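For the single chain, residues carry numbers from 1 onward in sequence order. This is a predicted model, so every value here is computed, not measured. Reckoned from all heavy atoms, side chains included, excluding hydrogens, waters and symmetry mates. Just follow the structure's listing: the first ligand is 1, and inside any ligand the first atom is 1.
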Amino acid sequence: MKLGVCYYPEHWPEAMWAEDAKRMAEIGIRQVRIGEFAWSRIEPSPGIFEWGWLDRAIETLHQAGLHIVLGTPTATPPKWLIDAHPDVLAVDAHGRPRHFGSRRHYCFSSLTYRAECARIVEVLARRYGNHPAIAAWQTDNEYGCHDTIISYSNAARAGFRTWLAAKYSQIDALNTAWGNVFWSMEYRSFDEIDPPVETVTEANPAHRQDWARFASDEVAAFDRVQTDILRAHSPGRDVLHNYMGMFTAFDHFKLGEQLDVAAWDSYPLGFLEQAWWPEATKERFLRQGHPDFTAFHHDLYRGVGRGRWQVIEQQPGPVNWAPWNPAPLPGMVRAWTWEALAHGAECVSYFRWRQAPFAQEQMHAGLLRPDSVEAEAAGEARQVAAELAAVAGATTTKAPVALLFDYEAIWASQIQPQGKDYRGLELLIHFYSAARRLGLSVDVVHPSAELSGYQLILCPLQIFWPEGLSAKIKASGAVCVLGPRTGSKTDDFQIPANLAPGLAQELIPLVVGRVESLRPGHVEQAGPYKVTRWLEHIQSDLVPEAYTASGHGIWYQTDKVDYLACWPEAELLDAVLRRRCEALGLATLSLPDGLRLRQRGAFMFAINYEAEPLDLCDHILGADSLDYVIGGPDLPAAGVAAWRIN
Ligand code: GAL
């Protein structure tokens, strides 16, 4: 467990570097990420390289004992490159090339750009690949940031056609899979197919799903060019990429397979503002962030990184990019850091060292103010660094609960929401919250993951049900909770012949006869439970555990499986999980929304997300006599406690 920071030596006079490095080390920082936007300083003109400054920057950080994560600068192709090769620019939905002047203006499918990336990455890797200070490489920066996965360039169109030809071999197979007889959409050859854009009304959902799959594969292929070069010239170093919160436009699990470590950028207050939470929730957690949102991503990226992950950018104060940008509660930067470490992070690294007085992010806080005086977060980082020893040796163990996460299902729910507010990611986090309110630790995993050892498997959004998944779940012996729309589409984006839940009928004997979506504010009462947004009309010999006044079952149960035939509100999820946990002998709590627990090896951590103090004794039996190593039962606002589990 260690702390890090993101640093831009190219933004500051060289005379400041040594002092900066010394101050980083003094705070307790051990990792520093540099370089990811520095292309114009490394190669100011085509083929003309300026290595001196970067050599000296790396040496200065090395001398201070800092480990370096060196970023490849490919998120920011410089002006000369764009002018020489305008075809590297991404193209928007109206066919217009994106402009130079910010970042991420490239198209993943541009072969010209891939060649340029290979060139710059190779010279970097050859120069620094064996430098003792280089501990890891970061490829590019935040794939997908500013909505940049999709490009409608000629290269993307050509790539899509090739991808489709490889997938379907025969055009008739594609026509059948997509159902192109509908509306005379049939093609005679792969070369006739365009990206699904600018159609009069919605394009064929199967066409869109394949386009999303193609675009996702392009990200992995683009990244692979860099990863291969880095591995060849920098043996023994980790290769990572920094993912983001709420980005679902490419399959992070697939990209994660070719990387060593998953890193992600955690901006709890920015995310709270941008996400779907009601106004009252945003107000309540204004300076703390949502208690489950960040934690969910920690658990997701632990899965993506196959156990190895870190927060490589952590919000240190107000950011500049959300609609409103409040300051964190005093202590909250420390609490976020501990939340990440509790979930198993190898490092938490703050973005950024010093606030820049110029350009786009001048309103974004750093650990230092622009005048080099420490900002609030510096002291909190120093405190965490001093506390780390208290939980030394804490390893991450398997959680009792697995939550299946499938990017393809999120795309499907976006392509065909059927109800305007059927948000896949929201539903996934909604299930996650229910488990966290009970005090349970959760692993977020891909459906292809090993499932043995879990006691409870949650499938909130498994719209595509892969062959073999039912057998794997049965073999695990776990109890499984299925959400609405489970198995409701075949891989070809068609309704299964046996209707939903399709292949998941191997787990529970029921059929979804029809579905309806409900407008906001409409509530169907089902005994003590409320149903909103979505209701399925089920045919089954099973007797439902609850049903609406009009007689529709919303909760079906067998020995090992629950099926929820609606968008479940919190009370229903609580009831389902509580009943199952009791039977499984899994201890549960009833945590208030602002209090969260997480186990890391032999330690349990508690974080208070309320703006008010909390007494753990009100929520955990015997909390006054736990073996505390950080804090105690009285948690101030933004407070942290950790204790050794016996
Ligand atoms: C991240 C990005 C950083 C910086 C930061 C500001 O998304 O990776 O380069 O822009 O946001 O919060």
For ligand 1, which atoms have a heavy atom of [X] less than 4.0 angstrom away?
X	value
Asp265	8 (O)
Phe37	9 (O)
His364	6 (C), 12 (O)
Asn141	2 (C), 8 (O), 9 (O)

At what distance is the nearest protein heavy atom to [atom], and which residue and atom is it?
atom	answer
atom 7 (O) of ligand 1	Glu142 OE1, 2.5 Å
atom 3 (C) of ligand 1	Glu313 OE1, 3.3 Å
atom 5 (C) of ligand 1	Tyr267 OH, 3.3 Å

Picking from Arg208, Arg213, Lys254, what satisfies salt bridge (Lys or Arg N to Asp or Glu O under 4.0 Å) with Glu408? Arg213

Listing, residues 44-51 side-chain donor-acceptor contacts under 3.5 Å, not counting sequence neighbours, or none:
none

Assess Arg56 against Trp17: is NZ or CZ under 6.0 Å from the centre of the six-membered ring, and within 45 degrees of the ring's axis?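 Here Arg56 fails the 6.0 Å and 45° test against Trp17.
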
Tell me the contacting part of Met244 for ligand 1: side chain, backbone, both, or neither, using a 4.0 Å heavy-atom threshold, strictly below. side chain

Using a 4.0 Å heavy-atom cut-off, which part of Gln315 comes near ligand 1: side chain, backbone, both, or neither? neither

Measuring from non-hydrogen atoms of Arg103 to any atom of ligand 1, is the shortest distance under 4.0 Å?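 Checking ligand 1 against Arg103, which is what was asked, there is a heavy-atom contact under 4.0 Å.
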
Report the member of Arg104, Glu361, His146 with the shortest heavy-atom distance to atom 4 (C) of ligand 1. Glu361

Is there a nitrogen or oxygen of Tyr8 sitting under 3.5 Å from a nitrogen or oxygen of ligand 1? no

So, using side-chain contact (heavy atoms from CB on, under 4.5 Å) as the criterion, who are the partners of Arg114 when residues are at least two apart? Leu111, Glu218, Ala221, Phe222, Val225

His241 vs Tyr143, ring-ring contact (aromatic ring centres under 6.0 Å, His included): CA-CA, chis, key distance, verdict: CA-CA 8 Å; His241 175 75; Tyr143 293 139; 3.9 Å; yes

Provide the closest heavy-atom pair for His252 versus Phe247 in the form atom of the first, atom of the second, distance. CE1-O, 3.2 Å

Starting from the C-alpha separation in whole Å, work towards a yes-or-no answer on side-chain hydrogen bond (donor to acceptor under 3.5 Å, both in side chains) for Trp137 and Asp238. CA-CA 6 Å; Trp137 293 87; Asp238 288 330; over 6 Å; no

Let me confirm one number: the CH2-CG distance from Trp411 to Asp251, rounded to the nearest 0.5 Å. 5.0 Å

